[in-house]
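So the structure is just underneath, and the comments pick up after that.
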Amino acid sequence: MKAILKNKFNIIVFIIFLILGLIGIFHHEIWRDEGQVWLVVRDLNLFGIFDHVRVEGHPLLWYFLVLPLAKLKLPVISMQLLSFCFMAAAAGVFLWFSPFSRLSKICVLFSAGFLYSLTVLSRNYSIIPLFIFLMAVFYNKQRQHPYIYSFLNILLANTHVLMFGFCTAAATVFGYENIIKNNGNKKDCLISFAVAVLSLLSIVVYVFSSPLKNLSVNVQPLNLFCAEKIWEQCNWFLTNMYLSNKFVLFIAAVSILCALAVVFRENKKVFFITFAGFLYQLAIYICGGCGVSNEKAVLSLIVLLFGFWIVLQDSGLSKLKKVFINILVILLFGLSFNLSYMLYKNDYLYDYSGSKRVAEFIKNNIEKDAVLVSTNDLTSAGAIAYLPAERKFYTPLYDNYYSYAYAQKYIESKPFTFNKPEKLKDKKIYYLYSALGFPQTDKKIIFVSDKNTLIVTEFFFIIQDE
């Protein structure tokens with residue numbers, strides 16, 4: 001503890017990170033992807049969660065972490081604070097245990113991914129950095145602490161499907177180093193390796209083998225051989241990290257290639273883990289229907305950071321190489337400062353989504369026994385998450401009451417009309433309208449979201465039925 005308190009630089013940077021993160025969280029309105037997780041664990045039992053989440057294509061760890069908060073009927077901001085705690089812990093581990101220079105640490109913690117996308121937005125991405133950083137801490141101690149290292153790998157694998165490639169490569173290297181090459185007592189390494197492999201296989205069974213019911217995922221394996229698709233996703237990846245300045249994008253692309261080359265030159269086994277994790281994520285973007293966003297793109301950079309972390313711990317590394325590695329880290333993360341400032345500032349000044357504002361209006365102005373008929377079950381998730389579970393929402397899409405969205409049922413969608421559903425003929429109803437454009441109706445509009453709402457598809461109207 002005394003050693004931690006002695007490092008004034010780390011303490012100051014850590015406090016600034018905490019303050020900015022908390023300010024961002026308390027000014028952030030959750031949107032549909034954040035609200036969806038809350039509603040799934042709030043409104044389903046354990047078996048229902050198991051059945052539904054695999055359709056969304058995610059492992060279960062984040063859902064289980066949020067589960068007790070939702071079941072205890074805490075406000076949804078508790079989920080935001082939970083993800084923030086993980087990012088705060090990751091920042092602490094990075095500041096006190098990583099071998100990077102002070103300037104590198106500043107560039108990483110105040111980059112677009114760390115300052116905003118992973119810290120302010122409350123999603124399963126937020127729990128990834130802590131486990132990667134802890135794996136870096138224990139990498140050179142994995143033979144002494146095989147259970148800890150393998151447990152961290154298991155936790156990381158269950159955060160997000162994007163981490164599967166990295167975790168599989170890490171488990172492979174662990175097995176090679178500690179079982180095949182180990183001439184001593186292999187029992188603990190064998191057991192921990194077997195558990196890690198079984199965990200990875202369970203993810204394959206749970207996520208990858210499920211029918212593609214989620215229509216937002218469109219797997220196209222042949223895209224791996226399409227140069228145009230590869231270039232498109234690489235460009236989209238860089239743009240989501242560094243905006244669209246061509247010079248900045250060029251410097252960033254060169255820095256990534258140099259980073260991979262340096263790790264390859266210094267440690268082939270770590271390069272295998274790093275490159276596998278990086279390439280796997282890129283393959284998911286190329287073949288799958290999920291587009292690259294800033295929080296996804298930054299995961300690739302964190303994988304590179306892991307490789308640099310291990311390389312810098314080599315006592316035989318020359319001072320010049322250490323300086324070069326830190327320059328690459330400064331470039332890779334520092335070049336996103338412009339995006340970091342823009343994202344953080346806009347979320348502070350404007351409504352990220354209209355969810356919180358519309359929820360407050362519903363609480364204060366809509367009768368408790370009234371039913372809100374939603375025009376879009378997906379975009380309403382954020383607003384519903386701010387409301388008590390007793391508040392009834394109805395969608396003609398399913399011809400039923402709902403809270404979270406059923407992505408696999410979109411194929412059954414029907415054109416929306418402002419006609420009172422027959423099922424609700426005896427109810428007082430309001431229409432919750434969210435779509436691009438103004439609602440085409442002569443009914444009375446009693447609420448409109450702020451005109452500067454950042455997520456344009458979550459710009460809400462409430463329309464009173466006459």
Side-chain donor-acceptor pair under 3.5 Å between [X] and [Y], yes or no?
X: T457; Y: R32; answer: yes
X: Y147; Y: D188; answer: yes
X: S403; Y: D43; answer: yes
X: S293; Y: N240; answer: no

Hey, what's the ring geometry for [X] with [Y], parallel, tilted or perpendicular (30° and 60° as the breaks)?
X: Y280; Y: F164; result: tilted
X: Y149; Y: F174; result: parallel
X: F393; Y: Y402; result: perpendicular
X: Y116; Y: Y352; result: tilted

> Which is it for L432 and T375 under the side chain to side chain contact (heavy atoms under 4.5 Å, CB included) test, yes or no, and what are the steps along the way?
Replying inline: CA-CA 6 Å; L432 180 65; T375 63; over 6 Å; no

> Looking at K321 and E266, does any basic side-chain N land under 4.0 Å from a carboxylate oxygen?
Replying inline: yes

>> Check R123 with D33, please: is the shortest side-chain N to carboxylate O separation under 4.0 Å?
In response: yes

Polar side-chain atom of [X] near backbone of [Y] as donor-acceptor pair, under 3.5 Å:
X: D347; Y: L343; result: no
X: K322; Y: S318; result: no
X: S380; Y: D377; result: yes

> So does Y348 have more than 12 non-hydrogen atoms from other groups sitting under 6.0 Å from OH?
Replying inline: no

> If you count the non-hydrogen atoms of other residues, nucleotides and ligands that lie under 6.0 Å from OH in Y341, is the total more than 12?
Replying inline: no

>> Centre-to-centre under 6.0 Å for Y285 and W236, is that the case here?
In response: no

> Would F94 and F100 count as a close aromatic pair, with their ring centres under 6.0 Å?
Replying inline: yes

>> Quick one, Y139 with F306, criterion side chain to side chain contact (heavy atoms under 4.5 Å, CB included). Give me CA distance, side-chain angles, the key distance, then yes/no.
In response: CA-CA 10 Å; Y139 181 82; F306 172 88; 4.0 Å; yes

>> Per the side-chain hydrogen bond (donor to acceptor under 3.5 Å, both in side chains) rule, what does the pair list look like for residues 74-91, sequence neighbours excluded?
In response: S83-S122

> What are the two closest heavy atoms between N376 and S434, and how far apart are they?
Replying inline: CB-OG, 3.6 Å

> Could you state the interatomic distance from OG1 (T159) to NE2 (H58), rounded to the nearest 0.5 Å?
Replying inline: 10.5 Å

